[in-house]
Amino acid sequence: MARTKFECYLIFFMSLILYIDTRSLPISEYSVKVTENQYSNEGVSQLGEQKTIYQKKVNNVEESNVINKEQSIIKATLESNIRNSNVRPGQTVRSYAVSITRNGNNFNGIATIDLDLTEQTRDNAIRFNILDMNVQSVKVGVLTDANAINTNFNINNNNLVIQPSQSGTRFVVIIEYTGQLRRDGNGLYLGQYDNSDYVAMNLHPMNARRVFPCMDEPSLRSRITFTFNNMEYETMVSNSLLQAESQTAFRALETPSHVWGMVAHNLVSISVPVGNVIIYGRQGIGNQDAQAAAAINYYFNAFYEWTQTSYFQIVNEQDNRLHIMAVPDINREWYALSTICIWEPYIFMTTNHAVKQRKIALVTIAEAMSRHWFGYVVYPENWRHQWVVTGLGSYVAYDIVREFQTSSDPEENANMLDVNTIFTTDIIQESLLQDAYSIYDPLLVGNNIFQNNAVRFHLNSLLKYKAPAIIRMLSGVLGGDTDLVKNITRALIPANHLEAVSTQSLFNAVNSVFSGNNILNNAQEFITNWIDKTGYPVIRVVHRPGGVQVTQEHFSFTTSSRPSNFRIPLTYTTRNEPNFNNLFPSEIMDLVSVVTTNLGEDDWIIFNIQGQGYYRVNYDDVLWQRIINALQDEEQREKIHPLNRASILDDALNLARAGKLDYSIAFEIVLTMELETDYGVWKTFVRNMDFIRKRLMTFANDNDRDSQAYAKLLEKLIVSVEEKLGFEPQNSDTAMVSLTRALVMEHACVSGYEPCIAAAVDMFYDPNNDGEVNPEIPLEIRPVVYCTMAREGDEEVRAALRRRLEQETSRYERLVILESFACSEDAAFIDGLLADTIAANSPYVIEERFKIFVAVASSSFRNTNRALNFLRQRTNEIRNMYGGGEKLDQVILIMAENAVNQQIGEDFTTWVNSQPVINNLEDSSMVAVKARSLIAENVSWKNAHLSNVYDWVEQNNGNTFLVSFALLGLSLIVTIFNN
């Protein structure tokens, strides 16, 4: 009887294993074909559903304190399969001992790997991920290395395949191999600057396989030790302390491979902003660390307060210092413990620095520090769950920057950044823009992802914006005086300390601190509603007697209107009872809602207060006109929160772009910009109107039309900026005013607005040193002054800029000059500039090369065409010299965004459609196919709208609203009267 019961249990659990294993295999399309859509969009995978069911069971069991044997076995089986490897199911590595010996620009490696195989898979070959390395020999021993013997191996599809001659379930594998020190910031690489260099190791997200044979997946923890020989630098630091009496071997830590890092360098200690935290930089840098040191000091304590987890107690054996490197050449995300590498222009600031640099640097530093907790302390179970780590990490980083840039002293506060505005415009609005394209997938893709190119695209594109935007919206829905996201973080991190997290892990943390409020009972259901579907909704607000009716539909640039079932947090305010500070929703809307409110004849109602909800708002014609009337009235306009003025403009222009709103209404809102001076609104304007401006200018060129039509329109839109801010900075300027002036000037000068160009030309030359660049040009407007002169001038201007380049001690100011060269319209010069970025003796560091290309591709349609030709002809060199496949992916997407006329689009499509041996795209082909679709979507807009938009712009160059009403508002007025 006992044997029969045992056999039944065995059959049951073997069936369960087979059932789950068949559902955790990788999807064939990842490794075989390039498709438009790389992931399933059907929500969580069946394996994820199994885990959810299991979690519910565990919760019930914990509540009743009853855990029987069957449930324990189910738990172990499910967890085993959830963490099963893509490269070799049934194989688990206990430990890696990796020894790296530098040999010039190459390295020799020995990896000693202790591993287990399951009884069911013991006869299958041992497999490891491997990339760009040559294996010299493989030895395999059973249980220990004492009986290790030479064993046959082969490399197949970037897998090292080993078939032991002995039988067993536990082996020690010893692999000798060689590789090259890379130059792109991935894996083990050689960084270079001035006449010096350094060696660093960055394994995130899938670069461990470039350094040692491994199971390179985020959930696979192993005990790892590293030894680095012959590095020949004064200092070498890594995640952990050095082993006793060793200067080369670091103590073991149990981690996934992708969070290990190392830096061997001769950089010097610049400052110690807080105990045991050291900033390093190049020799000779002085007076550029003060702002970074102050920020790091504040952030270090703030992250402890946020997470309730002490940095220096993350794990035993970690280095007892935090080493922050201002690296001169590489810009990469860094997840390793005890070390952070930040590109020098994004950390070091001169005493008098540009506010724009501070805006970039303060966020970059905060996000880099945040990754120790969100990325190391907790890391994703699979890359499909990275949205949890990125979303929380970025949200917390921005919140800490906001606190750092807030003062109770009004005078001091004037010099600080409005981080809430920056988050709304740079994160939420940018995400809404990108998410309207069809090329992006849900935050939580339907199946586990393992393929390098799919992981790169998922981690480096929309997710960076959408994940924190959704977390921000969640914080508003949960409500209360305390930010419950902080409590969620404090629940998540201790419960999953040094463990892989999934979406369910976040749900567990949310449910532990939130039991419901008057609008929401189930937070898990609410979050799921936003992460497992593509895109987002637009709500339609229609005026009705006694209030308004609100409905929703899916929003995108290309698909026709279709039903949508998002759970939307509605916030609104009215003219009669304006309240733009209450961000707590009035309700969570499903398909339709009726809002009861008494609106007078001219009263407006505005939804989505401060633009914090992840959706757009469309109104009927009557309500749009009331909002327009308010925006046209200077007194009424000021009563509307700047972020709502920004979101109204953003929604209107994007609704028109998608064909859901007549451009006549959107442009009526654009015309009200003549009263605007706020940074957030102008940032929104520039993002949206740049899309139109670039295409209008190519349209005018291709059709022999007035190329100044847009500049003439802009002349009346920047009236308030010219009158109240001017083109010359003042001592009384606040930080946000400085950002606004620079933003508007850059847009105005590139649009051909003559007063802006004249102001830039007038400032360029030094009045006391003929022919030299004026060193007193205010830092904030140097980019527009340099760019304008490079575009308007000749070799004499470029020579002056080169001389100025040699004098710059700030790497950020150096970058400003290099990017300004890209504004030139001299074809031979631009071709030479691009060629220099891939030359073996390039005068530019690796990140500068990438930035120069991006600046060229974005500067004008002529330069976009030159950049595309360069990309098509020199794809391999660009990949190798700009930073590998990740940077090539970004280059491709930048090209797609700037393919503003038909010829560029056709040339790009022809290149992508050509044979792989011709286009040289390799593993960037997936992104190229997506970019091709993005271009097609923009071409559809061009065919549907561009000619009419140009006609509107050409006809509306007068100086009053009356003209625009007469010419373009007639149909709107007729509609209103008919209603």
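Neither side chain, S720 nor E674, offers a donor N or O lying under 3.5 Å from an acceptor on the other. Judged purely by distance below 3.5 Å, without hydrogens or angles, the side chains of T534 and Y440 never pair a donor atom with an acceptor atom. Looking at T424 and Q612, their side chains do bring a donor and an acceptor atom within 3.5 Å of each other. Side chain to side chain, N688 and N654 meet the donor-acceptor criterion of an N or O pair below 3.5 Å. Side-chain contact check for R932 and N913: at least one donor-acceptor pair (N or O, by modelled atom type) lies under 3.5 Å. Side chain to side chain, N938 and Y437 meet the donor-acceptor criterion of an N or O pair below 3.5 Å. Side chains of Y950 and N703: a donor-acceptor N/O pair is absent below 3.5 angstrom, by distance only. For N629 and D633, the side-chain atoms include no donor-acceptor pair closer than 3.5 Å. Side chains of D907 and Q903: a donor on one and an acceptor on the other come within 3.5 Å. Residues S431 and Y614 bring a donor and an acceptor atom of their side chains to less than 3.5 Å of each other. Between the side chains of D826 and S824, no donor-acceptor pair of N or O atoms lies under 3.5 Å. Defined by atom type and a distance below 3.5 Å, a donor-acceptor pair is present between the side-chain atoms of Q429 and R687.
Of the possible donor and acceptor atoms, none in the side chain of R782 sits under 3.5 Å from a partner among the backbone N and O of E813. Between the side chain of K712 and the backbone N or O of V953, no donor-acceptor pair lies under 3.5 Å. Listed for the E780 side chain is a donor-acceptor partner under 3.5 Å among the backbone atoms of K356. Judged by distance alone, with hydrogens and angles left aside, the side-chain atoms of N618 form a donor-acceptor pair with the main-chain N or O of K660 at under 3.5 Å. Checking side-chain atoms of K930 against main-chain N and O of I439 turns up a donor-acceptor pair under 3.5 Å. At distances below 3.5 Å, not a single donor-acceptor pair connects side-chain atoms of S858 with backbone N or O atoms of A855. Looking only at distances, a side-chain donor or acceptor of E676 sits under 3.5 Å from a matching main-chain atom of D678. Remark: side-chain polar atoms of E937 are not paired, donor with acceptor, to backbone N or O of I935 under 3.5 angstrom. A donor-acceptor contact shorter than 3.5 Å links the side chain of D651 to the backbone of V617. Checked by atom type and distance alone, the side chain of K716 pairs as donor or acceptor with a backbone atom of N956 at under 3.5 Å.
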Per-pair distances, 0.1 Å, donor-acceptor, side chain in residues 748-757, under 3.5 Å, sequence neighbours excluded:
{"residue": "S751", "atom": "OG", "partner": "H747", "partner atom": "O", "Å": "2.6"}
{"residue": "Y753", "atom": "OH", "partner": "E722", "partner atom": "OE1", "Å": "2.7"}
{"residue": "Y753", "atom": "OH", "partner": "E722", "partner atom": "OE2", "Å": "3.3"}

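Checked against a 6.0 Å centroid threshold, the rings of Y536 and F555 count as neighbours. Taking the six-membered ring wherever Trp is involved, the centroid distance between the rings of W682 and F685 falls below 6.0 Å. For H945 and Y663, the ring centers are positioned less than 6.0 Å apart.
A distance of 11.5 Å separates CG of L661 from CZ of R616, quoted to the nearest 0.5 Å. Atom CZ of F861 is separated from atom CZ of R866 by 9.0 Å, given to the nearest 0.5 angstrom.
For R657 and F557, the positive end sits near the middle of the six-membered ring, less than 6.0 Å away and at most 45° from its axis. With F850 as the aromatic partner, K887 meets the cation-pi criteria of under 6.0 angstrom to the ring centre and within 45 degrees of the ring axis. Geometrically, R705 does not engage F699 in a cation-pi contact, judged by NZ or CZ lying under 6.0 Å from the ring centre and within 45° of the ring axis.
Of the residues listed (N774, T788, V773), the one engaging F764 in a side chain to side chain contact (heavy atoms under 4.5 Å, CB included) is V773, and it is the only one.
Aromatic ring orientation, W941 versus F691: perpendicular (interplanar angle above 60°, classes split at 30° and 60°). Using cut-offs of 30° and 60° for the angle between ring planes, the F580 and W604 rings count as tilted.
Annotation: N943, atom CG; neighbour count of heavy atoms from other residues, nucleotides and ligands within 6.0 Å is above 12. Around CD of E808, the count of heavy atoms belonging to other residues, nucleotides or ligands within 6.0 Å exceeds 12. Atom CD of E825 has more than 12 heavy atoms from other residues, nucleotides or ligands within 6.0 Å. For E634, the CD atom is loosely surrounded, since the number of other residues' heavy atoms within 6.0 Å does not exceed 12. Around CD of E795, the count of heavy atoms belonging to other residues, nucleotides or ligands within 6.0 Å exceeds 12.
Heavy atoms only, all atoms of each residue included: I892 and W911 are closest at CG1-CH2, 4.4 Å.
The salt bridge (Lys or Arg N to Asp or Glu O under 4.0 Å) search around R358 returns none, not counting sequence neighbours.
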